[in-house]
Amino acid sequence: MRNTVATLVDTCNAERSKGSDFPTIWKEVLKSHPCVSGQPVQDSGEAGPILRVPLLTGQFLVFLGSHFSLL
């Protein structure tokens, strides 16, 4: 499952680097992905607002505005 999650992060970042916004990435990549376990939740971090997407691994895929990472 770790490889799948790492690939998901890479895919999301690749789409972001092509100019896709979060709603597009959610619709085309994340919403139907088997590792995603729920809807995105808005939160805030040190750098400002973030979106957290819960994963089956117990981790969160975090969108920081410019890129995705794992938390």
Side-chain angles (χ1 to χ4, degrees):
M1 173 108 22
R2 284 185 178 161
N3 287 338
T4 304
V5 170
T7 300
L8 178 60
V9 174
D10 291 343
T11 300
C12 290
N13 280 321
E15 289 301 313
R16 184 69 185 119
S17 71
K18 292 178 190 174
S20 296
D21 59 6
F22 182 85
T24 301
I25 296 169
W26 170 254
K27 181 181 172 187
E28 295 180 3
V29 179
L30 294 170
K31 189 173 182 180
S32 63
H33 195 279
C35 288
V36 174
S37 65
Q39 298 286 322
V41 176
Q42 190 171 7
D43 201 354
S44 62
E46 293 176 14
I50 60 174
L51 290 169
R52 293 178 184 229
V53 178
L55 303 176
L56 289 176
T57 60
Q59 297 170 293
F60 288 90
L61 180 65
V62 180
F63 179 61
L64 302 165
S66 61
H67 67 282
F68 288 84
S69 64
L70 284 177
L71 182 65

Would you check if [X] and [Y] make a side-chain contact, meaning some heavy-atom pair closer than 4.5 Å?
| X | Y | answer |
| --- | --- | --- |
| L8 | L30 | yes |
| V36 | L55 | yes |
| F63 | I25 | no |
| I50 | L71 | no |

Side-chain heavy atoms under 4.5 angstrom apart, residues restricted to Ile, Leu, Val, Met, Phe, Trp, Tyr: same cluster for V29 and F60? no
Check the hydrophobic clustering (I, L, V, M, F, W, Y; side-chain heavy atoms under 4.5 Å; chains of links allowed) and say if L51 and V62 are grouped together.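 No, L51 does not connect to V62 through the hydrophobic network.
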In Å, rounded to the nearest 0.5 Å, how long is the span from [atom1] of [X] to [atom2] of [Y]?
| X | Y | atom1 | atom2 | answer |
| --- | --- | --- | --- | --- |
| Q39 | K31 | CD | NZ | 7.0 Å |
| C35 | Q59 | SG | CD | 9.5 Å |
| H33 | L61 | NE2 | CG | 9.5 Å |

Check for a donor-acceptor pair, side chain of N13 on one end and backbone N or O of F68 on the other, with a separation under 3.5 Å.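 Yes, N13 side chain to F68 backbone: donor-acceptor pair under 3.5 Å.
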Is there a donor-acceptor pair closer than 3.5 Å between any side-chain N or O of R16 and the backbone N or O of F22? no
Give the C-alpha distance, both sets of side-chain angles, the deciding distance and a yes or no for side-chain contact (heavy atoms from CB on, under 4.5 Å) between T57 and L70. CA-CA 11 Å; T57 60; L70 284 177; over 6 Å; no
Do you know the tightest heavy-atom contact between P40 and W26?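 Scanning both residues completely, I find the closest heavy atoms to be CD-CH2, 3.5 Å.
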Side-chain donor-acceptor pair under 3.5 Å between T7 and D10, yes or no? no
